[in-house]
Amino acid sequence: MLASRPVRNEAVQWERDENGEVCITLVRAKTWKATLLSKLFYIPERRKLVLDEVGSGVWEMCDGRTSVEAMIRGLSAQYKLNPKESEVSLLHYLRQLGQKRLVGFLVEKDRVSRKAKKT
Amino acid sequence: MKRVHYEAWAPFGWQGFLLRVPAEWNPGRISGDFRSGSVRMDDAEVVRMEVEWREAQGEASISGIVDRFVEGLTKEVQRKKGRLEIQRRLPLAGDRPPEGDQEAIFWEADCRVYALVRRCAPSNRIAFIRVIGRLGEDLAGVARDIFLAVEDQGREGERRWALYDLLCDIPPGFDLETSALRSGHIQLRFARGQGILQVDRMSMAGILLKERSLQAWFEDFFHKELRDLDVIFHPCQVRGHRGILVSGRPRGRWRTMLSPLPLLNVRKRLALSGCAWHCPESNKIYTVLTFYKKEEDSIPVEEVCRGVVCHQAESADQPRGDARVQARAE
């Protein structure tokens with residue numbers, strides 16, 4: 001996980017607002033389930049997700065080049081955090097972004113094949 | 001064999017034990033109390049150290065305890081049909097036991113472990129400290145540095161607590177009641193009789209105080225603690241930082257009775273005396289709160305604040321420095 005490089009979902013639209021915070025626009029999925037549910041309940045077609053200062057910084061770092069380990073080091077230095085504190089918070093946050101399919105994680109090919117061999 | 005070496009070291013103090021450990025090792029699991037308990041320290045990848053302690057109950061010598069441990073370990077490895085190498089009486093913990101007897105041992109099975117078993121006379125406890133390395137790692141130097149610096153602070157005197165950049169000296173007689181080790185917020189709450197002493201450390205102070213004052217943040221963060229108190233704030237200086245002194249008296253009984261569900265939610269009527277300050281150097285907010293019933297149980301908050309180290313400019317070995325808490329009425 002620490003060696004992986006988070007990358008933003010290219011399909012996600014985002015911008016910086018006037019406060020410098022990242023504003024992500026979430027579009028309702030075009031699946032039959034979502035369409036059916038939207039007939040029964042109010043589900044907006046577009047929803048805005050505004051990240052705070054730290055979240056925006058992390059989002060910017062999800063460029064596919066910066067590893068999670070480097071992010072931890074960066075956050076620790078920027079906010080004078082203990083590396084463990086940064087690690088716990090960052091992993092939790094990245095997991096949330098991953099669950100919402102806003103980011104993916106790039107992993108070195110040889111690392112994956114080595115792990116597969118082990119198992 | 002790869003020799004492991006660490007540049008940065010940090011104090012770790014818990015339940016009377018004070019150790020110096022590599023700065024990248026952090027507590028992964030903590031359990032128990034002063035009488036018996038354990039702490040596990042991890043680095044970013046693996047478990048690096050385990051400290052276990054329990055009250056000594058008229059046991060045989062330390063070598064007898066080690067005999068029994070080695071016997072158990074040998075049986076366990078034999079059952080797994082593994083390989084085991086044991087070396088005993090290693091000169092890793094110094095020739096002269098500073099307090100009580102001790103023995104350092106090493107074993108290699110599925111990992112390489114240097115261990116110190118020590119009878120700690122000041123607190124009458126037996127401590128078992130294991131420094132764990134992977135196969136192919138030489139941690140002897142690291143283990144020696146850790147074992148030589150192990151200190152048992154006993155129960156009677158002032159005790160130093162240190163973890164995750166928080167380092168504080170707690171006055172005698174206070175036992176840890178609860179602890180919260182969250183990312184960004186560490187809280188240690190101690191009790192002595194009717195008196196309570198609470199030390200909090202909040203990270204990312206710059207963000208917490210971006211759009212509000214320290215007092216506004218304090219009132220919001222500790223609203224539960226303050227809700228039955230009439231509170232007065234005074235500005236103060238702590239370790240050269242701007243802070244606030246807080247004092248609170250319990251509200252009138254009639255006023256408390258009128259609050260919702262007073263009988264189902266009975267709280268002790270405790271007075272508050274505390275202090276909070278923002279340390280820009282470490283980007284943290286520190287608070288020291290003391291709760292007490294009678295004036296004679298109160299703890300001088302200035303004394304406790306002097307024992308809380310907020311930034312690295314001060315020597316970790318001399319946390320008291322020249323810190324002062326100066327109250328100045330507005």
Side-chain angles (χ1 to χ4, degrees), chain A residues 1-6 16-23 50-61 66-99 105 107-108 110-112 114-115 118-119, chain B residues 6-12 21-30 39-49 162-167 180-187 200-211 241 278-286 309-313 316:
Chain A
M1 181 69 191
L2 297 182
S4 68
R5 289 172 285 128
R16 277 206 175 261
D17 65 11
E18 64 276 13
N19 301 321
E21 290 169 336
V22 167
C23 186
V50 181
L51 307 182
D52 66 6
E53 185 190 320
V54 187
S56 300
V58 172
W59 179 258
E60 291 275 16
M61 283 194 276
T66 315
S67 68
V68 173
E69 206 170 355
M71 284 183 176
I72 292 169
R73 280 200 303 273
L75 285 177
S76 302
Q78 189 178 353
Y79 297 105
K80 294 174 183 171
L81 288 169
N82 179 293
K84 187 76 181 175
E85 278 184 307
S86 314
E87 186 188 321
V88 171
S89 306
L90 180 68
L91 293 184
H92 181 72
Y93 185 63
L94 288 175
R95 202 173 297 131
Q96 283 183 323
L97 292 180
Q99 280 167 354
F105 298 89
V107 185
E108 298 295 336
D110 62 329
R111 202 175 272 272
V112 178
R114 242 186 292 148
K115 207 164 191 179
K118 266 188 194 174
T119 52
Chain B
Y6 294 97
E7 288 292 330
W9 290 67
F12 175 74
V21 295
E24 63 188 77
W25 296 6
N26 285 297
R29 194 194 62 213
I30 293 180
V39 172
R40 194 193 73 205
M41 308 284 285
D42 308 335
D43 68 5
E45 291 173 1
V46 291
V47 175
R48 280 302 184 184
M49 189 173 84
L163 76 164
Y164 290 121
D165 307 335
L166 173 69
L167 197 151
L181 310 178
R182 300 186 197 99
S183 175
H185 177 204
I186 293 175
Q187 183 183 84
D200 289 80
R201 193 222 70 182
M202 255 65 57
S203 301
M204 300 174 91
I207 287 176
L208 295 175
L209 302 176
K210 201 173 179 183
E211 284 163 0
H241 305 305
H278 170 211
C279 171
E281 283 87 343
S282 61
N283 193 24
K284 290 182 175 66
I285 298 172
Y286 290 84
V309 176
C310 57
H311 59 270
Q312 294 298 313

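The figures that follow rest on heavy atoms only: side chains count, while hydrogens, waters and symmetry mates do not. Below, read A as the first sequence line, B as the second, and so on, with proteins coming before strands; counting in each chain starts at 1. None of these values were measured; they are calculated from a predicted model.
A:E108 has a carboxylate O that lies under 4.0 Å from a charged side-chain N of A:R5, or vice versa, which qualifies the two as a salt bridge.
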Would you tabulate the side-chain donor-acceptor contacts of residues 87-96 of chain A under 3.5 Å, counting partners in other chains and residues two or more places apart, or write 'none'?
{"unit_1": "A:S89", "atom_1": "OG", "unit_2": "A:E85", "atom_2": "O", "d": "3.0"}
{"unit_1": "A:S89", "atom_1": "OG", "unit_2": "B:S183", "atom_2": "OG", "d": "2.4"}

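Between chain A and the residues B:D42, B:L181, B:I207, the largest count of heavy-atom pairs under 4.5 Å involves B:I207.
For A:I72, no part lies under 4.5 angstrom from a heavy atom of chain B. In this structure, chain A has no heavy atom under 4.5 Å from any part of B:A23.
If you look at B:W25 and B:F12, their ring centroids are not closer than 6.0 Å.
For B:N283, the side-chain hydrogen bond (donor to acceptor under 3.5 Å, both in side chains) criterion is met by no residue, not counting sequence neighbours.
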